[in-house]
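Here's the structure, in structure tokens; my notes come after.
Residue numbers begin at 1 in each chain, while the letters A, B, ... track the order of the sequences. Since we're looking at a predicted model, the values are computed, not measured.
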Amino acid sequence: MEPAAVQYDFLRWIVLSPLISCCVIALLGRKLPRVVTGTLASASVGLSFVFGLLGFLQLKSLSGHGEGEAVFLADSLYRWISVGGLTADVAFMLDRLSAVMVLVVAGVSCIIHVYSMGYMAHDKSYWRYFSYLNLFVFFMLLLVSADNLVLMFVGWEGVGLCSYLLIGFWFEDMEKAYAGKKAFVVNRIGDFGFLLAILLIFWNLGTVSFGGIFAQAPRVLTAGSGLATAIALLLFLGATGKSAQLPLYVWLPDAMAGPTPVSALIHAATMVTAGVYMIVRLNVLYLLSPQAMAVVAAVGALTAIYAATIGLVQDDIKKVLAYSTISQLGYMFLAVGVGAFSAGIFHLMTHAFFKALLFLGAGSVIHAMSGKQDIQEMGGLKGKLPATYWTFLAATLAISGIPPLSGFFSKDEILWSAFSSPHGHWAFWLIGWLAAGLTAFYMFRLLFLTFFGTSRADEHTRQHIHESPSLMTVPLAILAVLAVVGGFVGMPEALGGANSFHHWLAPVLASENGTLNAEAAGHFPEAVEYLMIALSVVVGLCGIGAAWWVYINRPGTAEKMADSVPLGYGLLKNKYYVDEIYNIFIVQPVKLTSIYILWKLFDAGIIDGLVNLSGRTVRGLGRVAARLENGYTQAYAITFILGVALLLGALLW
Amino acid sequence: MTELSQSNILNWIVFLPLAGALLLFLLPGGSRAVLRWSALLVSTATFVVSLGLLCGFQTGEAGMQFVILKPWIESWGISYHVGIDGISLFLVLLTTFLSPVVVLSTWSAVKEKVKTFMILLLVLECGMLGAFVALDMVLFYLYWEVMLLPMYLLIGVWGHERRIYAAVKFILYTVAGSLLMLVGFIYLFWLGKQSLGYYTTDLLELYRVVVPYQAQFWLFLSFALAFAIKVPMFPFHTWLPDAHVEAPTAGSVILAAILLKMGTYGFIRFAMPLFPNASLAFTPLVMSLAVIGIIYGALVAMVQPDLKKLVAYSSVSHLGFVMLGLYSLTASGVVGGIYQMLNHGISTGALFLIVGLLYERRHTRLIDQFGGLSSRLPIFAFFFMIATLSSIGLPGLNGFVGEFLILLGTFGSAHPGYVYFAASGVILSAVYMLWMFRRVMFGPLENPENKNLTDLNLREILVMLPVTVMMFWMGLFPGAFLSRIEPSVQQFISQYHQKAAVAVQARAEEDRLAKTVEFSTLKEPAVSHE
């Protein structure tokens, strides 16, 4: 069924609204009062949300409920690049997938903008912060609503730029500026893959527009062919950069150098999920390459457990959340890798709610702790920060997969798909299941160390602990509600739900796949699904119980455990030494080769040496020649005679 | 614009700067303000007149436009022949656009011998414009040489400590190249007579000469070497960092933004279409050198302690991209290559202006002398950031469009494998540019000498603003440029292949004849001594 395009002129304003606000703030921000700047920035994103909602409703009314005909809204601004058969327009499309993304992105962004008005209230670069943040929302909305790959790439690189600018927002600190650069460069390694994939797609399918790709891909590409796999894997390389998967995840923990609301928005809820969105957007291509799907699932599963193990021992509240984000993104890739595309997007959405909430809660804690981020110095904050505590608890329960909170439904769907999907494998399930246990453990470790027990802070800090203003706590409350109830839209049939989320996305996913999970589920008796659900709840509870045992019931156990396995503990504490390994085996060799071999030896030594040598030779010859012209007539005469003799000799020979 | 004035517009554009130079010659040398304003006025007027090209240019037309053809030295077939097509149109505009910017940038940087400096700048502009519009080999060669001397003097007189070494290196490299080209040209001139039956130096007529295989090889080498030095392609690039480091800001900007384009322009206008078979045979070599240049230039740029050297090596990398695009011989690749010439002119020009602004304030270009300037110089930081992002090809700015089209075109060419190496330049450019930016602009402001730096003044903002606007414009709305470039490129590619095929046919014919002759000589010995 060919999707039908419906012209919808409001679409452009979803994207342009934050851009206009960004420009206004960038130009006038210095002079505007802070309230105006913050309100303008937040309102512009709110407006995007409203337009997105209108588009969503329009889409709904056009296609009716459930799995209707594939319809999308389209809005074209102008022809951007048109050369030699390539056309890339500045044009937007809103289908069921991008509508979900627009709502999640604009919604969460709006909440975080409001929170930022409180969090950044005393920062000297208030206006700069909001213009960057608006710019980010613009690029992110561009990314999810672009109608072709090249324009999507603009958004893709644009969010990377904003991430760079915002990680290094407090650029006077060299560490922070360094983290920003690292993020950009590592992302670029991924973009290298994305770019090559675009080239392959264009020269094989003759188009870069999504509509064209959806139509051409199944016709042109043979399922399982090397070309399909190459395209899918190159795109995935892009995804591993942007979405912080193995082996390119290293920038995300460092990215925590940015202001905490930025971590919540960019490095948890939205930008880092772009890779997942991209794969689901191009699910047609992935379904043509089972090999690539297997790679995606494997990388996702490995990242999920790998990052979770590091998260077990981190002491920086934001670093724990960063590794948790990497791990949760791993789940999303596991989902799309086993063909459960809607489950991936579902988890993307619930994760956006609870992880944004966790970060904002952490921001509130850091705010209260006068900027301290070490959980070993916290403790006992429960009573002093009640609003923060309760919302943080909701999010922690959600990420731990405790029913009926949102995280339970989405994580459970992923684990079930990993097990039951034709692309799945019991090993994927097992890894995901273990990681779920670890997640519950490290999240409750974080919760217990931060909010329970007695305060370990110094006297000065303790006196300043205070609950955050309502500008910050109200956003926390809204997100908490979403984190608690957000999962019901995807309640599985097995539990008596309608799984309307899954049905909403089905038309966007390639036809065989739309019913993939339902079909697969048919192979297993219902009891198996119930057992799986029970198992995932149990492992979450075990993780919580273990954390309670170690940090509440028997304080000091953690230290003993660490001492008993110093090697393993050191490995985790130092994040498997990956940064150091990259530095020794990649960064330093490239740098030293460039300095000593390419520049000093080759460029300055050999090439320039030859040039200078030839210059000296010419000058030397000139000197010799000059000596001949010494003004002595006799010498000239001798030379003349010698010359004539030589010539004559040569002629007569 | 009337038909008459339009037909003469190229003369106006080329000779207005020269007339300005004469005018300045008559002005007293003491009043710097008058000299500066006059030079600014002249170069701005030239730019305004050149906008007439945009109005009158027939989009969709592939051939030469605004042509002026007058006999000059008839016995040798030399004519005054100028004109532009989609390939040269924007190079002319780039030159006229940047010239006033450059003049304005010298306001406080050049304090000595202002009169001579301005005259040289205007003569240089005339030379560059002439070279871009010349359609006669002799005329082109004339302008090519006219450009050399002012540049040599700009470096040698207003340069820094090692200016003499740099200036001599620059002139020796370039002269070596242009002498080779001259020898090649004389040979071509002679071949033209053999083929056409009359002497001509007209480029469009020489395009029709089918040069024999063997001769093409040597001719291509002689032209290509001259241009490769100018580009500069690896490994002929070592004059560039020295020239840049020693040149005054204005010299660096012109050198990077326009003079280097003479090299790439020379390839697409002369070396490639005149000797297509040799050019085809050399394609793998040229593309390899281009790719080496991209990676090598980036890696060496990365570790430079001097800002100007860093930007200079980045030029080697960027121009590698341009060469790759031109040699892809696909529409998107060649158009991208030409677009990237313009982009490089704008972005690298801007970067050199920025380094100049820093140098004027601190009298050093060493990266480790800076750090944390962002907090002190916010306006400067903004312009610097945009230029940096443009240089690393961020989508939405100009550099991306060019790089993307080049990669796209190369991938569709006969040698797609080069793309995998070239695309790594995308990663490396981010590494060296952002690393440099971080060291100069971010971190704590510790060096006491940087504590009292002042942000840009109005004049300096006016210098940076036009180039910055162009970065956005060319990134967001490339359509107006690409649609004018493409028809000429399509024609270039089809003629290139046609001509190559003709030569192949001619050689096959020759071989066949040679064989029949051989055969007949066996039968009837002692027939001819030819």
Using heavy-atom distances under 4.5 Å, tell me whether A:Ile189 contacts chain B through its side chain, its backbone, both, or neither. both
Options B:Gly372, B:Ser374, B:Gly479, ranked by heavy-atom pairs under 4.5 Å with chain A, top entry: B:Ser374
Flag the one option from B:Gly412, B:Pro235, B:Gly371, B:Ala301 with the top tally of heavy-atom pairs under 4.5 Å to chain A. B:Gly412
A:Leu86 portion near chain B, given a 4.5 angstrom heavy-atom threshold: side chain
Does atom OH of A:Tyr582 have more than 12 heavy-atom neighbours from other groups under 6.0 Å away? yes
With only heavy atoms counted, which part of B:Tyr173 is less than 4.5 Å from chain A, the side chain, the backbone, both or neither? side chain
Heavy-atom pair count under 4.5 Å with chain A, highest-scoring of B:Leu445, B:Val168, B:Ile392: B:Ile392
For A:Trp80 against B:Leu476, the heavy-atom pair lying closest together: CD1-O, 3.1 Å
Rounded to the nearest 0.5 Å, what separates atom CZ in B:Phe442 from atom CH2 in A:Trp170? 14.5 Å
Identify the two heavy atoms, one from A:Gly84 and one from B:Glu486, that lie closest to each other, and give their separation to 0.1 Å. N-OE2, 2.9 Å
So which heavy atom on B:Pro305 is nearest to which on A:Trp599, and how close? CD-CH2, 3.5 Å
Side chains of B:Leu299 and A:Thr593 in contact at under 4.5 Å (non-hydrogen atoms): no
Side chain, backbone, both or neither: which part of A:Asp191 has a non-hydrogen atom closer than 4.5 Å to chain B? neither
Quick one: does A:Arg188's side chain get under 4.5 Å of B:Ser429's, heavy atoms only? yes
What is the ring orientation for B:Tyr296 with A:Phe602, classed by angle as parallel under 30°, tilted 30 to 60°, or perpendicular over 60°? perpendicular
Less than 4.5 Å apart, any side-chain heavy atom of B:Ser483 and any of A:Arg79? no
Tell me, with the steps shown, if B:Phe437 and A:Lys181 meet side chain to side chain contact (heavy atoms under 4.5 Å, CB included). CA-CA 9 Å; B:Phe437 194 84; A:Lys181 195 209 84 184; over 6 Å; no
Rounded to the nearest 0.5 Å, what separation is found between the CG atom of A:Leu196 and the CZ atom of B:Phe411? 7.0 Å
Approximate separation, where rounding is to 0.5 Å, of A:Met174 CE and B:Arg439 CZ: 8.5 Å
Side chain from CB out, backbone as N, CA, C, O: work out which of these in A:Leu200 comes under 4.5 Å of a heavy atom of chain B, or both, or neither. both
Using heavy-atom distances under 4.5 Å, tell me whether A:Tyr78 contacts chain B through its side chain, its backbone, both, or neither. side chain
CZ of B:Phe234 to CG of A:Asp603, rounded to nearest 0.5 Å, is 8.0 Å
Could you check if a side-chain atom of A:Val83 sits within less than 4.5 angstrom of a side-chain atom of B:Phe404, using non-hydrogen atoms only? no
Looking at B:Tyr165, I want to see if its OH is surrounded by more than 12 non-hydrogen atoms of other residues, nucleotides or ligands under 6.0 Å. yes
B:Met441 to A:Phe171 - nearest heavy-atom pair and separation: O-CD1, 4.3 Å
Need one label for A:Val90: side chain, backbone, both or neither, based on atoms under 4.5 Å from any heavy atom in chain B. neither
Nearest heavy-atom pair of A:Glu157 and B:Gly393: which atoms, and what distance? OE1-O, 4.2 Å
Return the CG to CE distance between A:Leu161 and B:Met385, rounded to the nearest 0.5 Å. 6.5 Å
Surrounding CD of A:Gln588 (heavy atoms of other residues, nucleotides or ligands, distance under 6.0 Å), is the total greater than 12? yes
With a 4.5 angstrom heavy-atom cut-off, is it the side chain or the backbone of A:Val611 that approaches chain B, or both, or neither? side chain
Chain A: which of B:Leu407, B:Val335, B:Leu172 shares the most heavy-atom pairs with it under 4.5 Å? B:Leu407
Kindly determine whether A:Asp608 and B:Asp242 satisfy side chain to side chain contact (heavy atoms under 4.5 Å, CB included), including the steps that lead there. CA-CA 10 Å; A:Asp608 244 16; B:Asp242 283 313; 3.8 Å; yes
Chain A heavy atoms under 4.5 Å from B:Tyr420: which part of the residue, side chain, backbone, both or neither? both
Greatest number of heavy atom pairs closer than 4.5 Å to chain A - which of B:Gly396, B:Pro378, B:Ser375: B:Ser375
A:Trp203 to B:Ser332 - nearest heavy-atom pair and separation: CZ2-OG, 4.3 Å
Part of A:Leu195 within contact of chain B (heavy atom distance under 4.5 Å): side chain
Counting heavy-atom pairs under 4.5 Å to chain A, which of B:Met302, B:Lys169, B:His237, B:Gln304 comes out on top? B:Gln304
Determine, using ring centers only, whether A:Phe153 and B:Phe400 are less than 6.0 Å apart. yes
How about A:Lys31: does its NZ atom have over 12 heavy atoms from other parts shown lying under 6.0 Å from it? no
B:Trp435 portion near chain A, given a 4.5 angstrom heavy-atom threshold: both
